[in-house]
Structures are given as structure tokens and as C-alpha cells.
Amino acid sequence: MSFLDKIKARLGKKVGDSMEKAAVPAKEEAPKKAAAPAKEAAPAAPAALSPELAALLPGAPPGGKIKFAHYWGAACGGCDVSMLDIDEKILTVGDMVDIVFWPIAADGKVSDVEALEDGEITLTLFNGAVRNSENEHMAHLLRQKSTIMVAYGSCAMLGGIPGLANTTNTKEILDYVYTKTPTMGAFQKTQKSPVIPQTLYKAPEGDLDLPVLYDTVKALDQVLDVDYYVPGCPPTQKTIAVLLGALIDHVYNGAPLPPKGTVIGAEDKTLCEECPRKKENRRITKVVEPHEIDVDPELCLMDQGIICLGPATRAGCGAPCTQAGQPCRGCYGPTSAVDEQGASMLTALASLFPVLDDDPNMGEDQIIDIMRQVKDPLGYFYQFSMAKSLIRRSVKEKGGK
Amino acid sequence: MSETFEPKIIAFCCNWCSYAGADGAGVARLQMPTNFRIIRVMCSARVDPEHVLRAFAKGADGVVILGCHPADCHYIGGNYRARRRIALLRFVLEEYGFDPKRLKLEWVSASEGEKFQTTITEFVNTIKELGPTPLEEAN
């Protein structure tokens with residue numbers, strides 16, 4: 001008996017026929033820990049569902065459960081976990097969807113997806129960037145089988161942290177990882193030639209292959225058509241709630257979905273609007289890291305000299321990082337008014353340095369010295385959006401004639 | 001590269017000094033290469049780094065930003081802001097792998113037609129030495 005069935009039985013509700021379908025159990029294991037204590041306390045009258053619980057357990061949608069897939073490309077797995085971090089709302093998800101494919105949570109095979117009709121999956125959340133041939137193949141397959149394709153999380157939407165690999169290329173990465181790191185270096189010394197994974201190996205028993213790692217990491221919409229975007233690293237509960245709310249309303253009440261291309265759960269203001277810290281618009285002369293100073297809990301981090309990507313980042317997350325004393329890293333991406341998150345951050349930051357009295361006489365070197373305080377601006381300003389920036393990847397000067 | 005390489009250069013000129021300087025160079029019939037396209041902006045600080053990056057992304061071989069001399073800005077401090085931004089932007093371009101010389105910031109006043117001419121000539125020569133933009137999509 002699954003977790004949901006137990007709850008329903010305890011609450012005296014007749015278990016809907018949809019609950020018997022076999023595809024759900026793996027997912028229901030996970031929320032057990034999070035959701036169980038709350039439910040234990042809630043039911044005073046076991047005969048009927050409390051109104052809150054009834055709202056959470058609407059039963060299967062009129063047309064039967066919708067099919068749902070959640071897949072990861074180049075990702076850390078945080079987005080998958082975020083889906084399980086939505087507290088009691090997971091109950092509604094359990095009632096509403098039939099998980100056909102979700103490698104981290106449910107047992108499903110690629111062949112199961114291949115066997116589906118085109119567009120049979122109602123919703124696919126694709127998290128992670130597209131970085132190798134397998135990611136790309138799966139993305140295309142899921143796009144074909146899905147009605148709604150959502151770029152879920154910063155990596156799918158913007159390229160995310162894996163996008164920073166665009167500052168280098170496959171050859172350099174493999175070289176470094178397999179021959180130059182100290183641990184591998186010692187091993188490689190004992191080899192006649194460097195041992196680097198091959199994408200194809202012809203064994204007597206048959207060919208063995210590995211996905212091909214691409215030079216350029218791409219966001220999901222750079223390889224296929226995406227319907228909606230959900231930002232965040234990972235998307236916050238608040239953002240997921242907006243996504244689920246829209247979906248539930250659509251599935252149960254037939255409400256229209258938001259227009260295609262909507263960034264769901266995010267606003268068009270910048271994070272600063274949402275951040276409760278007090279802004280004094282101070283000028284800064286020194287850039288610091290949070291651990292170097294005693295961070296004032298009330299004052300804007302930028303005012304304190306900490307580089308915070310708030311001014312260049314979309315609001316919607318509720319500013320959990322800045323409230324915890326850590327600068328925003330920009331995972332919600334740029335606002336719709338700009339294309340370049342890094343460039344807006346660069347502008348905002350450079351303007352914070354005050355015009356000095358001797359500015360008219362300052363040489364170029366002095367200006368460079370001031371700005372050199374910003375270490376690794378590319379990595380800092382484009383931490384999540386490198387793959388979607390205008391330049392997109394590093395280049396190599398070939399030299400003139 | 002090829003001997004016929006003619007760089008594409010975007011020149012952002014501030015309305016109050018450099019654009020007038022460029023005008024002056026034209027009126028005085030000063031000879032200079034024709035590889036540049038001027039975009040007139042109200043102030044050098046109006047040039048968002050995004051504009052520069054977009055120019056590079058669309059295949060510009062070099063970008064030059066011309067503003068009023070320090071202490072001469074029509075808006076008092078615009079050029080000071082601009083040079084901080086451009087310095088920082090140059091680091092970013094360097095990290096991308098561009099030669100930072102592809103982005104130049106220079107001060108040209110309204111009366112300096114000749115300086116406009118030499119700045120452009122020198123910049124075109126620098127870019128010719130550097131060769132076409134390393135951006136693959138552009139080539």
C-alpha cells in the first residue's frame with residue numbers, strides 16, 4: 001500500500017480508481033519523511049477530509065491522470081529534488097499525474113518513452129543544460145512526446161553553472177581532468193599513453209559507446225522549442241507553487257495556460273525590489289567577500305562592498321540568499337528588458353565606484369587598478385547565463401597577417 | 001589573414017564632443033579609412049556594455065567609444081563612469097579570449113577633428129594587425 005493510499009484509508013476516503021495505477025510508488029517514497037508529520041497532526045475527524053486536505057487531494061482529473069516526465073540533462077540533481085521539496089503540494093501532484101519517466105525518482109526506461117504517442121506526455125520538466133549527445137537526444141525525444149516542454153531551472157533556461165564550461169573546450173577539459181590533475185597525473189605516468197575516455201570502443205562482443213561531450217554547452221531553447229521557463233537554482237518552492245497552480249487550474253478547471261514563452265514564477269522587477277535589505281546607495285571603494293567583513297544584517301550587501309547580482313537578476317525567488325547574508329548569484333537570470341545579465345551587472349557595479357577628486361588627472365592604469373579588484377568578472381557576472389550571453393563561448397584570436 | 005581584410009568597426013560617439021569632432025574632421029576633409037560606422041549616443045556613459053557585446057556578437061572586428069575629455073563631460077561625470085565600465089568590460093572580453101585592444105576608449109573634443117582622424121586611423125591599423133574577429137559565427 002502506498003503512502004497516499006494509507007493516508008486516504010486513514011481519513012476514510014474512498015480510494016479513487018486512479019490510485020491503483022502502478023507507476024507512482026517510487027515518487028511517493030520520497031515525500032514520506034517531509035509530509036508525514038504534518039498529516040499525522042491534521043486529521044481530527046477521520047470520517048471526512050478537512051477542507052485543506054480535500055483541496056490538496058482533488059482526485060484524478062476529469063480526463064484521467066496526466067502523464068508527466070522529469071528529465072535531467074547536464075545537471076546536479078538539485079532540480080529533481082526541488083520537486084520533492086514542495087511539502088504538502090506533492091499530494092496534489094500524486095493525484096494529478098502519472099509519472100512516465102523520472103530517472104531520479106521513478107523506474108522508467110527510455111524505451112517506455114519511445115513507445116508513447118507523440119504529445120502523449122502532458123508535461124515534461126527538463127532540467128539541466130544540453131552538454132552531450134545523450135542530453136540532446138533525450139531532449140528531442142521528450143519534446144516530441146510532450147505537449148508542454150518546460151525548461152526547468154537555471155541550467156535548462158540559461159545554461160547555468162555547466163555553461164561556464166564554455167570558457168574552455170572539450171579537449172582542454174578532458175586533458176586537464178584525465179592527465180593534469182594531481183591524482184590522475186600519477187596514474188598517467190605509469191601508462192604508455194594518456195588514458196582518456198573514448199566515445200566508441202570496439203569490443204569483440206560489440207561496440208561500446210559513451211555520449212559525445214560537446215565543446216559548447218547550450219541552454220534547452222538553443223536546441224529545441226521550449227514552451228515555458230522556470231528559473232532558479234533550484235526553483236524555489238514559491239516558484240514551483242506558481243507552476244503547479246497554473247497546471248492544476250488548467251487540468252482540473254480548464255483554465256488557459258499562460259502565453260508561450262512565459263517565465264513562470266518570476267517577476268519583471270529586479271531582485272533588489274524584493275530584497276528586504278536597506279539600500280543607502282553608498283559608493284564603494286573596496287570589493288570584499290562576505291567572510292572578510294562583519295556583514296551588517298540590515299544593510300544592502302552592495303553598500304557593504306559585496307558584489308551581489310541582485311541589480312541584474314529577476315525577482316521571484318523571495319531573496320533567500322541575501323536574507324541569509326549571502327550575495328545573489330543571479331540564478332533567476334536577467335529581466336526581460338535586457339539580454340545580458342553580465343553586462344547589466346557590470347554596468348551596475350562599475351557605477352558604484354565613486355568619481356574621485358583626482359579623476360580628471362587619473363591615468364588609464366589607475367582606473368585598471370581600481371577595477372582589478374573585481375576578480376574573474378566573467379565567471380562572476382555570467383555565473384548562470386554564460387551559455388545565453390551574446391558571445392556565448394570563449395574565442396581564440398588567430399592573429400593578423 | 002587575407003590581404004583584403006577590411007575591418008568592420010563600430011564607433012560610439014558622444015553627442016556633445018566626439019560626434020562634433022567627427023563632424024569637424026569631415027568638414028575639414030581630413031582623410032581617414034572608411035571602415036567605421038558611427039553610432040551617435042548622448043554620452044559615452046550611455047554605451048551599455050551590452051551594446052558593445054552585441055556589436056562583437058554581430059561580427060564587429062573592433063569597437064571604439066569616443067567621449068568628452070575628463071572634466072569636460074556635458075553631464076559632468078558620464079565619461080568617468082564610462083571609463084570604469086569599459087575597463088571592466090575589457091577584462092570580460094579578455095576572459096572571453098578577445099584581444100582587449102579590440103575595444104578602445106578615447107577622448108575627442110568637439111574641436112579635435114584631427115584627433116578623431118588619428119584615433120580612427122590608428123585603431124583601424126591595430127585591428128588590421130589583429131585580424132578578423134575571432135568569433136566563429138561571424139567568420
Side-chain angles (χ1 to χ4, degrees), chain A residues 164 166-169 215-216 287 312 334 337-382 386 389-401, chain B residues 1-5 7 45-58 61 69-73 76-102 105-106 125-139:
Chain A
L164 287 174
N166 285 357
T167 52
T168 169
N169 59 46
D215 267 340
T216 304
V287 173
V338 295
D339 283 347
E340 275 270 318
Q341 190 177 17
S344 3
M345 189 56 219
L346 194 157
T347 311
L349 181 65
S351 307
L352 279 187
F353 288 89
V355 173
L356 303 168
D357 290 342
D358 56 345
D359 226 304
N361 307 316
M362 259 190 202
E364 209 51 34
D365 295 349
Q366 279 162 289
I367 300 292
I368 288 175
D369 284 345
I370 294 175
M371 300 320 291
R372 271 280 177 227
Q373 290 188 65
V374 185
K375 307 276 184 269
D376 184 21
L378 184 69
Y380 215 116
F381 301 156
Y382 292 89
M386 174 102 180
S389 68
L390 289 167
I391 308 286
R392 278 179 56 196
R393 61 158 298 110
S394 66
V395 294
K396 231 181 192 89
E397 290 278 358
K398 291 169 197 79
K401 51 181 186 298
Chain B
M1 280 282 156
S2 73
E3 281 148 52
T4 53
F5 167 57
R46 176 65 189 89
V47 182
D48 193 296
E50 186 170 329
H51 300 158
V52 177
L53 291 167
R54 194 177 292 281
F56 280 117
K58 285 190 180 280
D61 298 301
H69 282 274
D72 248 5
C73 177
I76 301 167
N79 46 7
Y80 301 142
R81 300 257 174 271
R83 69 171 170 184
R84 282 168 172 74
R85 263 173 225 162
I86 300 307
L88 197 51
L89 180 58
R90 227 181 251 132
F91 301 153
V92 172
L93 285 175
E94 217 173 335
E95 281 193 81
Y96 269 125
F98 286 96
D99 192 308
K101 288 205 287 285
R102 289 188 187 275
L105 178 68
E106 193 57 77
N125 288 337
T126 315
I127 299 298
K128 277 189 174 167
E129 270 168 38
L130 288 174
T133 169
L135 202 75
E136 273 166 35
E137 295 99 81
N139 295 322

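First the proteins, then the strands, lettered A, B, ... as listed; each starts at 1. Every heavy atom of this structure was used, including side-chain atoms; hydrogens, water molecules and symmetry mates were not.
- Using modelled atom types, one side-chain atom of B/E50 and one backbone atom of A/D339 make a donor-acceptor pair closer than 3.5 Å.
- Residue A/D376 touches chain B through both its backbone and its side chain, counting heavy-atom pairs closer than 4.5 Å.
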*In sequence, state the C-alpha distance, the side-chain angles, and the governing distance for A/E397 and B/R102, and then conclude on side-chain contact (heavy atoms from CB on, under 4.5 Å).*
CA-CA 11 Å; A/E397 290 278 358; B/R102 289 188 187 275; 2.7 Å; yes

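- Interatomic distance, B/Y96 OH to A/L390 CG, rounded to the nearest 0.5 Å: 7.5 Å.
- In terms of heavy-atom pairs under 4.5 Å with chain B, the best-connected choice from A/G342, A/P377, A/S389 is A/P377.
- The choice from A/T167, A/I367, A/V338, A/L356 that makes the most heavy-atom pairs within less than 4.5 Å of chain B is A/I367.
- Within the 4.5 Å cutoff, side-chain heavy atoms of A/D359 are placed close to those of B/R84.
- For chain B, the nearby part of A/R393 is the backbone; its heavy atoms alone come within less than 4.5 Å.
- Nearest heavy atom pair, residue A/I391 against residue B/F98, reads CG2-CE1, 3.8 Å.
- With rounding to the nearest 0.5 angstrom, the OH atom of A/Y382 is 10.5 Å from the CD atom of B/E95.
- Taking CD1 of A/I368 as the reference point, atom CD1 of B/I86 lies at 12.0 Å (rounded to 0.5 Å).
- Interface check for chain B: of the options A/E364, A/M362, A/R372, the most heavy-atom pairs under 4.5 Å are formed by A/R372.
- Side-chain atoms of B/Y80 and A/S351 form no donor-acceptor pair, as typed in the model, at a separation below 3.5 Å.
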_side-chain contact (heavy atoms from CB on, under 4.5 Å), that's the test. Do B/F91 and A/V374 meet it? Break it down for me._
CA-CA 9 Å; B/F91 301 153; A/V374 185; 5.9 Å; no

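- Proximity to chain B (any heavy atom under 4.5 Å) is restricted, for A/P354, to the backbone atoms N, CA, C and O.
- With a 6.0 Å radius and a threshold of 12 heavy atoms from other residues, nucleotides or ligands, A/D357 has its CG atom at or below the threshold.
- Applying the salt bridge (charged side-chain N to carboxylate O under 4.0 Å, His left out) criterion to A/R392, with sequence neighbours excluded, gives no partner residue.
- The distance from the NZ atom of A/K398 to the CG atom of B/D99 is 13.0 Å, given to the nearest 0.5 Å.
- Looking only at side-chain heavy atoms (C-beta outward), B/L88 and A/F381 come within less than 4.5 Å of each other.
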*asked:* Before you tell me yes or no, could you show the steps for A/E340 and B/R54 under side-chain contact (heavy atoms from CB on, under 4.5 Å), namely the whole-Å CA-CA distance, both residues' side-chain angles and the distance that decides it to 0.1 Å?
replied: CA-CA 9 Å; A/E340 275 270 318; B/R54 194 177 292 281; over 6 Å; no

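- With sequence neighbours excluded, no residue satisfies salt bridge (charged side-chain N to carboxylate O under 4.0 Å, His left out) with B/R85.
- For chain A, the option among B/A71, B/P70, B/P49 with the highest count of heavy-atom pairs below 4.5 Å is B/P49.
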